[in-house]
Amino acid sequence: MKFLRLGSFSEERPHVLDDRGRLFDLSPLTGDIDGAFLAGDGVARTRAALAAGELTAVDDPADGTGMRLGAPIARPMAVLCIGQNYAAHAAETGSAPPEVPILFFKHPNTVVGPHDDVVIPRDAEQVDWEVELGVVIGQRASYLDSAEQALSHVAGYVLADDVSERSFQKEQSGGQWSKGKCAPTFNPVGPWFVPADEVADPQGLRLRSWVNGEPRQDSSTADMIFGVGEIVRHLSQYLTLEPGDLVITGTPEGVAMSGRFPFLAPGDVVEMEIDGLGRQRSGVKSG
């Protein structure tokens, strides 16, 4: 079962793909795939509605050819990001692996659909890509005691691109990274939201990226320094995570900041994929 949102920007409607790949309108159950839906046992209610034949099938193939694919979750209240969570990526940026999770934020309006354009902001010269596993929170989480308990607060997973402007992030940051992370369109998400109980092991997913068809990143979430459960547990000691919040968990090596590849330019095409979570394709254009 895969959740998705179809329609023009800010007018997306909720849908679900069943295990046979059939697309159903989810609007009889919810107005959107958001925190209220997730906190209200929306995943289980959707399964029950599908089993009972209570949802209406629709014809659109949900692959972007008929209707625009929006981000599979509605705009989250918060987008929390973990930095340098793969040792090889930390090394390529000239840093030692962190001893505790590094937290920064993206503005919620960075979140766009998986095939929407990435828009280069004014004065940007070092726009970079980062394929990442996104974690969608399903229950309010505060002061969790263990990684196992933290995983029970995860509703599911998405593919995300943590687009970054490195000069804004490093040279103009004042010590914080978010200036380089927060331009609109800097977080393509999707195509799907997959429930947590349908992802056998979030630490066993292959994740890859390409620019203009050329391979850039190819790694596994097994290489994370801090796994999903520990990230959520750790964050809950400092803040309260709300249903619908998006946590993106870091990127592996193979980004432009390494010096091995050019930064993105208008006309480039970035593609990303995570096992079981789908593939996205974003064009790059000037603002």
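Remember, predicted model here, so these are calculated numbers, not experimental data. Atom set for the values below is all heavy atoms of this structure, side chains included, hydrogens, waters and symmetry mates excluded.
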- Message: Can you classify the ring geometry of F37 versus F3 as parallel (below 30°), tilted (30 to 60°) or perpendicular (above 60°)?
- Response: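 Rings of F37 and F3: perpendicular, as their planes differ by over 60°.
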Does [X] pair with [Y] as a salt bridge, N-O distance under 4.0 Å?
X    : Y    : result
R68  : E12  : yes
R166 : E130 : yes
R206 : D275 : no
R22  : D18  : yes
R47  : E198 : yes

Assess the side chains of [X] and [Y]: does a donor N or O sit below 3.5 Å from an acceptor N or O?
X    : Y    : value
E165 : S167 : yes
Q84  : S95  : yes
S209 : Q217 : yes

Measure the shortest side-chain to side-chain distance between [X] and [Y] over non-hydrogen atoms and say whether it is less than 4.5 angstrom.
X    : Y    : result
Q280 : D161 : yes
E92  : V255 : yes
R216 : F261 : yes
S219 : Y86  : yes
P252 : V131 : yes
D245 : E242 : yes
L159 : V189 : no
I120 : V284 : yes

- Would you confirm whether D25, through its side chain, and S27, through its main-chain N or O, come within 3.5 Å as a donor-acceptor pair?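 Yes.
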- Message: Is there a side-chain contact (heavy atoms from CB on, under 4.5 Å) between V79 and H107? Walk through the geometry before answering.
- Response: CA-CA 7 Å; V79 181; H107 195 291; over 6 Å; no
- So S8 and E11, side chain to side chain donor-acceptor pair (under 3.5 Å) or not? Walk me through it. CA-CA 5 Å; S8 58; E11 296 181 356; 3.1 Å; yes
- Please walk me through it: do I82 and I248 pass side-chain contact (heavy atoms from CB on, under 4.5 Å)? CA-CA 6 Å; I82 304 301; I248 57 176; over 6 Å; no
- R279 NZ/CZ over W210 ring centroid, <6.0 Å and within 45° of normal: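 Ring-cation test returns yes.
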- Heavy atoms from other residues, nucleotides or ligands near CE of M77 exceed 12 (cutoff 6.0 Å):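 No.
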